[in-house]
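For reference, the structure discussed in these notes is given below.
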Amino acid sequence: MPKATPLVVSASLLVAACSTINPQIGQLETFKQEAAARNWQAIADTRVACAPESQGCAQSHQIKADACMSLGNNAPSAQQAAEYDCAITEYQAAVAAQLKLPDPAIDLAVLQKGELEALLRRRDHSRSDREATPFNRALLTEAATVVKAAPAQAAGYYYLGDALVSQALSEQPPTSCETLHRAAATLAHASQQPGGYADAITQRRRDIANAAQAGGCKL
Amino acid sequence: MDSLTTPASLGEALRTQLNLESELMIAYALSSGKELPQSIVDALDLLEREVATVPSLAVLAGLHTALSRLVAPATPRGIKAIRLDAEQHPALHRIGAVPSLRYLLFAAFGFAWMFFLTSLNPGINPGNLAKDIYTSSGWDLALVMTFLLSAAGIGVSFGALFEVFQSVSDRNYDPAQDGIYWVRIGIGLIAGLMLAQLIPFPQGTAASDTLTRPLLALIGGYSASVVHRILERLVTALESIFIPQQGADPAAAERDLRQRLAEEQSRQLKTFDKLLGQVSAAGGTVGDVRSELMTLLPGGVSSALAGKATRLALDAGIGLMTGGIKGASEKVVEDLVGNAGDVAAAAVRNVLPASGALAGLAGTAASLVARGAMPGTAQGQGDSGARAIADAVGTVTTLFRESGKADGQVKEVSAIDVARTLGAALLSGSPVGFVSALITVGCKLGEAEYQRWKARVLAAPYRPEFLPPASINSASAVAAMRLSPVFGRAFKPEVEAGDRLKLQEIAQCAAGPDEAFRTAFATRFASEAACTEGLREFRQVLLDRRVLNDASGVLQDGMSASGMLEAADSARADPEAAEGLGAVMQTLDQARAENWDENRTTAEVDARLQAPTEQGP
């Protein structure tokens, strides 16, 4: 025992020194512990302090993004928008960090899907067309990027189709009919690719059919 | 003996043709961005592996057939003609993709130039154009005639050019038709001149007031058949002056035409058999070729329906020749109305899988059509039955209008197409189709989908599990709100502001229990009744779309899910039909509980539908 004590003390000092020299590693460890304890609020209240090109930065942003999404899904409706805003910002930061310094523990596709989902939910929590439009536009752009990067996956097509449906609902015929037509074609692609979303795609198709009927569009 | 008639040389010639055309069709399909079906990819793989040996004629023919379907409406002949022209005349090909197109283009320019030059002359003026060949003469008349000829030329060259352009554009151009275009130009010039100069228009009529001579010449050139019909009527009118008692004998004319068409059909069938024999001798098997050809008939047209369709097509062909498109339509209507039950029964046999029980159901349903005891025929020729017939007639009429109008082609093509059309159109709107669709959907849906569908068909009270709130997002809410006038009025501020969050909340609340919705939003409606009506309307929009989606996934081609719901709505409005509908749904409940298959369910439905029939007056 007397021989072991110095070793334990040395190891503790080493970890403490590491955390002091590289606080990012320390924050990531803390985030992981908080996430394991499902303490989402604590994570969401903490600012991620790391340079995008630093080790573990993408992971920290992802954990915070996931925490914000979780809070958003369970918060009262008045607070949900703010949580989704947080999730969008963190997912975007995680994507940027991952692109600067790829982290093998992180899947870029998962980050992108998370960002798309956060954009979609934030758009759906808008109180006016004016508020929703920037989120829908961002959703269109990001979904198109995902389609380009992973054309054999359903995710990009689904979110692109969803954004087009939303865009069509704020347009007038015949422009809306053309957009609905594009949305239907995009969702048809989505249904042919692996990656789930079957139920959501079906629902979007029903929405397209209703919107087309309401607008007198022939699809 | 012709070298091509020996089996070996015929086989070699066929192989060369199949190789070349398949290669061109693949190139065309790939360059057009068409997705190659797996069957074609497999055939290509097989060919690649057989490259050391000579690929069999059957493999090549199979690939050729599949490619022909892929590139349709383009034809191998059309693709080949255009490709050969590009290789043989690369410079001229840029002006027109085939020689005919270039010649007609040249002719059109010639006529347009002639029209332009003659119109520059002061002799072309309203005064001279108003004169006819009896009141004008010399240079003035020659100038006017040249002017009218050029107008007719523009009309006919436009018509021919447009036709060739369409066929080149669709890649189904047929070089064998080249000569016909020039004959058409000749006929068009004569027709245009006759219409403008020789055919008298009664003064004071709309035609004489609005149609100037150049326009008449242009119309005559564009459509020589108009002039032909006018002349025929003039001949009939003239005949009636001299032979007033002896009118045309329509029955005799019809007999004559029917005989000619039957002879033509028989001749073509012989040619077809001879062709099969030749292919067989060249290496393929007759069975292979026959089965390949039979797959061309969509759904495998049953002999019963094919026979009726052939008869129908024959009659329509006669109608077409004696009375044009209108005559064809009238004939089809006459036949369909006269044989509605038989045709419906044959149609259902064509689409549904063969079984004794189904045959019985078809007979029952057909007799119900006749008695008007089923939805859509409650008052004799009811809405959906009449609409099905109207749809069939409309499609058949379109087929005739779009077909080549050459006697044999019309008949042969239409026999198949009419069968397909009837199968789909009659099933979609007839009582037979309705009952069949109910059974198919009722047997194939999952439990949750079935309960939702049953509630919609029988207009049963709404249950919250029919519309899970999670499935409704803001887009669903906005889209459905636009189809629900009561909700649209009640929540106008949110709709106009684009308040997606609120609209989603409203929609999700509407999908839940009535009480929760009333507590939250009853004040938005003018009355309790308006709230109830709005809720019913909004839920039905969301529910209909789900039910249609569920049902469409299990229905066979030709059966319409929306037609089925419409028929259910009208059935509930008629006491006798509602009783039949209730019997069908009860049978389906029992079938699902006891795991009956579709055939047994059909037989039970048939038995229960027949029961009131036998007790009836």
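The chains referred to below are lettered A, B, ... by the order of the sequence lines, with proteins before strands, and numbering in each begins at 1.
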Report summary line: Taken to the nearest 0.5 Å, the spacing of B:Met481 CE from A:Asn210 CG works out to 12.0 Å

Query raised in the report: Is the count of non-hydrogen atoms from other residues, nucleotides or ligands lying under 6.0 Å from A:Gln192 atom CD greater than 12?
Result: yes

Requested in this report: Decide if atom CG of A:Asp199 counts as having more than 12 heavy atoms of other residues, nucleotides or ligands within a radius under 6.0 Å.
Outcome: no

Report task. Could you tell me which portion of A:Arg123 (side chain, backbone, both or neither) has an atom closer than 4.5 angstrom to a non-hydrogen atom of chain B? Result -> both

Report task. Under 4.5 Å, counting heavy-atom pairs only, tell me which of B:Leu548, B:Asn473, B:Val541, B:Leu503 racks up the most with chain A. Result -> B:Asn473

**Report entry** Contact origin within A:Asp162 toward chain B - heavy atom pairs under 4.5 Å
**Finding:** side chain

Query raised in the report: Does any non-hydrogen side-chain atom of A:Arg206 lie less than 4.5 Å from one of B:Ser476?
Result: no

Report task. Check whether more than 12 heavy atoms from other residues, nucleotides or ligands sit under 6.0 Å from atom CZ of B:Arg536, and answer yes or no. Result -> yes

**Report entry** Close side-chain approach of A:Gln213 and B:Leu483, heavy atoms under 4.5 Å
**Finding:** yes

Query raised in the report: Does the side chain of A:Ser128 reach to within under 4.5 Å of the side chain of B:Arg500, using non-hydrogen atoms?
Result: no

Query raised in the report: What residue in A:Ala211, A:Ala81, A:Ser126 has the most heavy-atom pairs under 4.5 Å with chain B?
Result: A:Ser126

Query raised in the report: Taking all non-hydrogen atoms of both residues, which atom of A:Ser77 and which atom of B:Leu501 are closest, and how far apart?
Result: O-CD2, 4.2 Å

